[in-house]
Structures are given as C-alpha cells and as structure tokens.
Amino acid sequence: MTSVSETVERVQKLFDDAGCDGWLHAVDIDGGAAVGLGEDTAVAAASTFKVQVALELFRQVATGETLADEMVIVPTQGRTPGPTGISLSRQELRLSLADLACLMLTISDNAATDLLIARVGLGRIQALGKRVGMSATSIPGDVSWMLETLAVDCGFSSLLTM
C-alpha cells in the first residue's frame, strides 16, 4: 500500500515532469481523512467548483427535494457562453437535471452549470461546501457572472463587447 506522503511525492513529480505548478486537496467528506499538495494556497478553482454544484444536486435528489428526471426547458436566448455543449446548440432544448449534471461534469458545460445553479440555489451550494469543511472555498456567482467579471477586469465594458 502506498503511503499518503508517497502519493503526494508522486503527484508533485508529475507536476514537475509536466513543467507546471499544481495543487491538490482531497477530503473524505464522511471521515475527514485528507491528502493535499499546496492545499492552503489560494487559487482560482476554475471548473472544479462544478463538483460542488453536482454534490448539492445529488444531495437534493437523495433527500427527495428534487427529482433527477425533472425536465428543464433551455431557451436559445440568454445561455451562458462556452466552447462546448448547450452553448453551441441553436435550438431550444429540453433536458433533465440528470442530463444537465452529466454535461456539466463530463464536458464542463457552462450553460448546464448555470441552469443547475439556478435550480438548486447558489446559497445552498455554498452552505454545502461549508458543511463538508470547504470553509475557504468561495463560489461568489454562477459561470455567467464569473465570465462577466473576468471581461470587465480585463478592461472590456462587458462580456458581450469582447
């Protein structure tokens, strides 16, 4: 059996061999065991926050608050931009919450993510993170908000003017 420290050393070597920096933090949310590499370093989580969105959806399905097969109409207007999936469709779509979660987790679909955030609630996603020990994790808005903020920070008046 490989020890935690050996695992961390192996992951660090992978990052070094790839010529990049990387951070890792995995926690057993039931037992509290953890492994990390630079886990206290503040970084932009990018699409990894989508796992937390899925966890809240799955929690709501498990408690019966939400049905995985609940259908959502996805209009053509107002979709969150992205390079894959729903953002590229020119038609109105009808998808289940489970299908949206699949798209979010497999191809990192931004539009699916924002539909799920709207459905399960940003505040509830944030609260779940705190309950499972992710006290330093911040999800201040949905993907559309993050992209808009990034565009403005880069000097554009909005995402639409890029």
Side-chain angles (χ1 to χ4, degrees), residues 14-15 18 20-30 36-39 41-162:
L14 288 171
F15 288 139
C20 66
D21 294 325
W23 299 268
L24 167 73
H25 192 209
V27 178
D28 177 346
I29 60 175
D30 292 323
L37 177 64
E39 65 271 21
T41 303
V43 297
S47 288
T48 61
F49 85 95
K50 294 174 181 179
V51 173
Q52 192 170 334
V53 175
L55 285 174
E56 177 56 23
L57 171 65
F58 300 155
R59 189 201 64 73
Q60 289 183 20
V61 168
T63 62
E65 293 176 63
T66 302
L67 298 174
D69 60 357
E70 177 185 320
M71 300 305 288
V72 174
I73 302 296
V74 184
T76 55
Q77 295 299 312
R79 290 184 187 161
T80 303
T84 61
I86 294 172
S87 298
L88 303 178
S89 176
R90 296 186 301 191
Q91 305 300 318
E92 179 177 279
L93 303 171
R94 186 173 184 259
L95 297 166
S96 70
L97 294 177
D99 288 337
L100 291 171
C102 181
L103 290 168
M104 176 181 68
L105 293 172
T106 58
I107 63 170
S108 197
D109 190 296
N110 291 340
T113 302
D114 280 359
L115 289 163
L116 288 170
I117 290 171
R119 175 59 184 81
V120 302
L122 181 60
R124 296 180 81 183
I125 294 163
Q126 294 164 332
L128 173 70
K130 303 300 183 230
R131 280 196 312 277
V132 299
M134 299 169 63
S135 59
T137 299
S138 174
I139 304 173
D142 64 11
V143 178
S144 184
W145 177 87
M146 291 177 201
L147 292 173
E148 183 67 25
T149 301
L150 180 61
V152 171
D153 287 350
C154 289
F156 296 94
S157 59
S158 80
L159 182 63
L160 299 176
T161 62
M162 287 183 66

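What's counted below: heavy atoms across the whole structure, side chains too, no hydrogens, waters or symmetry copies. Since the model is a prediction, treat every value here as computed from it, not as a measurement.
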Quick one: pull up [atom1] in [X] and [atom2] in [Y] and give me the separation to the nearest 0.5 Å.
X: Lys50; Y: Met104; atom1: NZ; atom2: CE; result: 8.0 Å
X: Asp109; Y: Cys102; atom1: CG; atom2: SG; result: 10.0 Å
X: Leu122; Y: Ile125; atom1: CG; atom2: CD1; result: 5.5 Å
X: Arg131; Y: Leu55; atom1: CZ; atom2: CG; result: 10.5 Å
X: Thr41; Y: Leu24; atom1: OG1; atom2: CG; result: 11.5 Å

Exercise. Does the pair Val72 and Arg119 meet the rule for a side-chain contact (heavy atoms from CB on, under 4.5 Å), with working shown?
Worked result: CA-CA 9 Å; Val72 174; Arg119 175 59 184 81; 5.6 Å; no

For this session: Answer yes or no: is there a side-chain heavy-atom contact under 4.5 Å between Leu95 and Leu103?
Result: yes

Taking [X] for its side chain and [Y] for its backbone only, find out whether a donor-acceptor pair lies under 3.5 Å.
X: Lys130; Y: Thr137; answer: yes
X: Glu148; Y: Met146; answer: no
X: Asp142; Y: Ile117; answer: no
X: Arg79; Y: Ile86; answer: yes

Give me the atom names and distance for the closest heavy-atom approach of [X] to [Y].
X: Leu105; Y: Ala54; value: CD1-CB, 3.8 Å
X: Pro140; Y: Trp145; value: CG-CZ3, 3.3 Å
X: Arg59; Y: Arg124; value: NH2-NH2, 2.9 Å
X: Gly82; Y: Ser87; value: N-OG, 3.3 Å
X: Thr113; Y: Val143; value: CG2-CG2, 3.8 Å
X: Leu100; Y: Ala112; value: O-CB, 3.5 Å

Problem set entry | More than 12 heavy atoms of other groups within 6.0 Å of Glu92 CD | yes

Exercise. Hey, are Glu56 and Gln60 close enough side-chain-wise for a donor-acceptor pair under 3.5 Å?
Worked result: yes

